[in-house]
Structures are given as C-alpha cells and as structure tokens.
S.K.: 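Before I ask anything, let me first share the structure, which is written out below as structure tokens.
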Amino acid sequence: MEAHGAGIRRVLVLAFCVAGIWSAYIYQGVLQETVSTKRFGPNNERFEHLAFLNLAQNVVCLVWSFIMLKIWSNGKSGGAPWWSYWSAGITNTIGPAMGIEALKYISYPAQVLAKSSKMIPVMFMGTLVYGIRYTIPEYVCSLLVAGGVSLFALSKTSSKTISKLAHPNAPLGYGLCFLNLTFDGFTNATQDSISARYPKTSAWDIMFGMNLWGTIYNMMFMFGWPTASGYEAVQFCKEHPEAAWDILLYCLCGAVGQNFIFLTISRFGSLTNTTITTTRKFVSIVVSSVLSGNPLSEKQWTSVGMVFSGLSYQIYLKWRKLQRMTKKRKPIIPGGTTLSSLDKIIK
C-alpha cells in the first residue's frame with residue numbers, strides 16, 4: 001500500500017509539473033505574440049521596442065533568483081562568483097534579443113519552429129569544429145527538423161497572419177532565429193564550463209549571475225544614451241498601461257515556469273522535462289493558430305508534424321541511451337539542475 005501511495009503521489013507531482021510548465025510557457029507565448037502584434041490605444045500604435053521585454057525579464061528573474069537564493073541557500077557558498085558570467089551574459093543578451101525581434105518579421109508559429117531546430121547548428125558545429133561523428137538516427141532527426149522548418153518557411157503564409165506583422169520579411173526573421181540559436185550555443189558552452197570549474201554552483205546561482213549581467217548589458221543598450229529606445233519603451237508603457245501589464249505578466253510567467261522546470265528535473269530527470277517542453281511547443285503552435293488567428297495551411301501543418309516527429313525521435317534516442325547507461329551502473333537519483341540545461345531546453 002505504501003508503494004502504491006508513493007506511486008500515486010509521484011504521478012500527481014508529475015501532473016502538477018506538466019500543468020505548471022504548459023500553463024506558464026503557453027500563456028507567456030500568447031503574451032509575447034500579443035505584445036508584438038497588438039495595436040494599442042486610439043492611434044493603433046505598435047510596441048516596437050521588443051528588446052525591452054528581455055530587460056524586463058532579466059530584472060524580474062534577477063529579483064526572483066535573489067529571493068530563492070536567500071530562501072534555499074542556507075548560507076552555503078562555493079558556487080561560481082557573480083563576475084564569472086560576464087561573457088555568457090553578452091551572448092545571452094544578444095541571442096534572445098534577436099529571437100524576439102524576429103517576431104516583427106515572421107509569425108509566432110514560425111519562430112517556435114525555427115527555434116526548435118537547435119540540434120542543427122549544434123551538430124554542424126560539433127562536426128566542423130570538434131570532429132564529432134553522429135549516428136545515422138541522429139542525422140535522421142536533424143533532417144526531419146531541417147526539412148520541416150524549410151517547408152514551413154517556403155509555404156505561403158496567410159494574408160491574415162502577414163497583416164499582423166510589423167515588417168513582414170521571412171528571410172530576415174529566420175536569419176535572426178538562426179543567429180539566436182548560434183549565440184545560445186556559445187552561452188550554453190560557457191555555462192557548462194563555469195559549472196565544471198565550480199561544481200557546487202546551483203541553478204539559482206547561475207540564474208542570478210546570468211540575469212545580473214543581462215540586466216547590466218540591457219540597461220546599457222536601452223538607456224545608455226539620451227535617444228536610446230528604452231526611454232521610448234517606458235513612455236509607451238506609461239501611455240498604454242495594458243502593454244505594461246502584458247509585459248509584467250510575460251516576465252512572471254517566465255520566472256514561474258523556471259521553477260516548475262527545476263522541480264521536474266530534480267524529481268524526474270531532464271529527459272522527462274525535455275518531453276514536456278517539446279510537447280508544450282507543439283501546443284503553443286496550436287494555441288496560436290486557434291486563439292490568435294494565425295491559420296496554418298495543410299502544407300504548414302505537415303511541416304509542423306515533421307519537426308515534432310524529429311524532436312520526438314530524438315527524445316526516444318535519448319531514452320534508449322539512458323536505459324543502456326542505467327544497465328551498466330546503479331541508478332542515479334536525478335538532481336543537480338543547472339540553468340544551462342534549462343536554457344538548452346526552453347529556448
């Protein structure tokens with residue numbers, strides 16, 4: 001009976017994690033699309049300063065991680081010093097800014113698909129720079145994802161979707177997403193290096209360090225000179241409080257979602273979290289298509305299916321690899337979450 005009760009509790013915790021991740025990030029996607037496409041006020045003005053979202057997200061997550069450190073650290077030390085994140089902070093500032101700017105030029109479903117193809121630049125750089133040899137199934141995964149994204153990009157977008165974009169330009173939008181993934185790759189590599197040098201670094205340490213430098217760099221970019229765009233963004237939010245409210249909710253969703261990701265990986269492992277976040281991306285596309293009025297053609301839905309078939313196959317391959325590893329050694333309780341692993345999964 002005790003084992004049965006423990007099993008039920010485990011299932012309930014997993015359901016709680018799934019509900020938390022899905023609700024936080026799907027709603028964050030809706031808010032991101034709303035801020036980037038909605039027209040505010042009687043003059044139908046757009047919020048053009050999308051990079052301001054990254055600054056707001058940095059500030060909220062900085063405060064959040066500081067609070068979590070005070071609650072959970074119990075005076076422990078030995079983690080990476082805050083200044084060690086300065087270089088990762090640069091790429092982590094530029095990359096997401098490019099990803100969110102892409103929403104001016106391509107639709108939200110297109111951006112989600114493009115950013116789901118992170119394995120392609122990773123495998124490309126791994127082969128080119130480090131001489132890594134991948135298996136045939138891994139190449140099949142990357143071809144499915146690359147083919148799906150390419151088919152989606154070449155398919156005709158509905159006029160209704162195009163009319164919502166500030167400056168429709170598919171090549172520029174996809175180019176920004178690719179650069180986003182490239183900078184993310186450098187960010188992840190640097191975070192992994194920091195974690196290796198300072199093994200006692202916690203997820204909250206990394207979250208605090210990354211968002212501290214992100215806040216500094218974004219403040220310099222947004223408010224570093226008298227005509228910087230940050231002043232216009234603040235003025236826009238003063239004139240249109242509904243935009244400020246959407247931005248605040250967007251930031252809170254990101255912070256809350258990261259807590260559910262921490263809980264999922266600590267209790268069930270990173271593979272379970274990857275599965276949950278991958279399905280979340282698919283649901284985000286469906287929500288955008290149904291609720292936000294971004295109709296997809298039959299060819300585009302086929303491309304969506306190709307991308308998520310490739311991602312699902314990749315998850316299966318990771319599961320098989322994990323099964324082989326557990327047969328060779330005693331099972332290890334999942335734990336030791338790092339923000340770099342989260343960054344690889346949710347972006």
Side-chain angles (χ1 to χ4, degrees), residues 10-33 99 103 107-120 122 137-138 140-149 151-152 177 180-181 184 188 250 253-292 294-296 298 300-323 334 337 339-347:
R10 186 172 173 82
V11 170
L12 290 175
V13 171
L14 179 60
F16 179 65
C17 291
V18 172
I21 292 173
W22 276 31
S23 58
Y25 286 111
I26 290 174
Y27 187 46
Q28 186 185 46
V30 171
L31 291 167
Q32 185 182 59
E33 188 173 11
L103 289 173
S107 66
Y108 179 73
Q111 186 223 36
V112 172
L113 276 190
K115 293 179 70 175
S116 296
S117 60
K118 179 175 288 189
M119 71 176 74
I120 298 172
V122 169
E138 287 174 323
V140 170
C141 291
S142 63
L143 286 174
L144 278 171
V145 173
V149 173
L151 180 62
F152 193 97
C177 287
N180 181 189
L181 295 179
D184 283 350
N188 295 332
Y250 168 85
C253 283
V256 171
Q258 286 185 12
N259 278 271
F260 280 105
I261 286 178
F262 289 157
L263 177 61
T264 302
I265 297 181
S266 64
R267 293 293 186 91
F268 304 101
S270 61
L271 185 60
T272 299
N273 187 67
T274 301
T275 305
I276 295 171
T277 52
T278 299
T279 52
R280 186 273 303 174
K281 291 177 183 178
F282 180 80
V283 174
S284 292
I285 292 176
V286 174
V287 170
S288 176
S289 178
V290 175
L291 297 183
S292 301
N294 291 322
L296 302 182
E298 185 175 331
Q300 287 176 319
W301 277 118
T302 300
S303 65
V304 170
M306 288 176 62
V307 171
F308 285 96
S309 294
L311 295 177
S312 300
Y313 190 31
Q314 184 190 40
I315 291 172
Y316 170 70
L317 293 176
K318 289 182 178 179
W319 176 79
R320 282 205 317 179
K321 184 178 180 180
L322 185 63
Q323 291 294 102
T337 311
L339 193 60
S340 62
S341 65
L342 305 181
D343 187 62
K344 294 174 185 174
I345 293 167
I346 70 176
K347 289 233 176 173

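Values below: every heavy atom of this structure, side chains too, minus hydrogens, waters and symmetry copies.
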S.K.: Is a side-chain donor or acceptor of Gln111 paired with a backbone partner of Gly99 at a separation under 3.5 angstrom?
M.R.: yes

S.K.: Can you give me the closest heavy-atom contact between Leu113 and Val304, atom names plus distance?
M.R.: CD1-CG2, 3.9 Å

S.K.: Go through Arg280 and Ile26 one step at a time and tell me if the side chain to side chain contact (heavy atoms under 4.5 Å, CB included) criterion holds.
M.R.: CA-CA 7 Å; Arg280 186 273 303 174; Ile26 290 174; 3.9 Å; yes

S.K.: Before giving the answer on side chain to side chain contact (heavy atoms under 4.5 Å, CB included), spell out for Lys281 and Phe308 the whole-Å C-alpha distance, their side-chain angles and the decisive distance to 0.1 Å.
M.R.: CA-CA 9 Å; Lys281 291 177 183 178; Phe308 285 96; 3.8 Å; yes

S.K.: With rounding to the nearest 0.5 angstrom, report the CD to CG distance, Glu138 to Leu317.
M.R.: 6.5 Å

S.K.: How close do Gln28 and Tyr250 get, heavy atom to heavy atom, and via which atoms?
M.R.: NE2-O, 3.0 Å

S.K.: How about CD on Gln323, more than 12 heavy atoms from neighbouring residues, nucleotides or ligands closer than 6.0 Å, or not?
M.R.: yes

S.K.: Given Val286 and Trp301, is the side chain to side chain contact (heavy atoms under 4.5 Å, CB included) satisfied, shown in steps?
M.R.: CA-CA 10 Å; Val286 174; Trp301 277 118; 4.0 Å; yes

S.K.: Of the non-hydrogen atoms in Leu144 and Ser309, which two are nearest, and what is the gap between them?
M.R.: CD1-C, 4.3 Å

S.K.: Could you pull out all residues at least two apart from Ala255 that satisfy side chain to side chain contact (heavy atoms under 4.5 Å, CB included)?
M.R.: Val60, Cys61, Trp64

S.K.: Ignoring hydrogens and geometry, is there a side-chain-to-backbone donor-acceptor pair from Thr279 to Thr275 under 3.5 Å?
M.R.: yes

S.K.: With sequence neighbours left out, write down each residue that passes side chain to side chain contact (heavy atoms under 4.5 Å, CB included) with Leu14, or none if nothing qualifies.
M.R.: Val18, Phe268, Thr272, Ile276

S.K.: Could you tell me which non-hydrogen atom of Phe152 sits nearest to which non-hydrogen atom of Pro109, and how far apart they are?
M.R.: CZ-CB, 4.2 Å

S.K.: Kindly give the heavy-atom pair with the smallest separation between Tyr313 and Cys141, and that separation in Å.
M.R.: CD2-SG, 3.4 Å

S.K.: Quick one: do Ser116 and Val112 satisfy side chain to side chain contact (heavy atoms under 4.5 Å, CB included)? Show the steps, please.
M.R.: CA-CA 6 Å; Ser116 296; Val112 172; 4.2 Å; yes

S.K.: Using every non-hydrogen atom in the two residues, find where Ala114 and Cys177 come nearest and quote the distance to one decimal.
M.R.: CB-CB, 3.8 Å

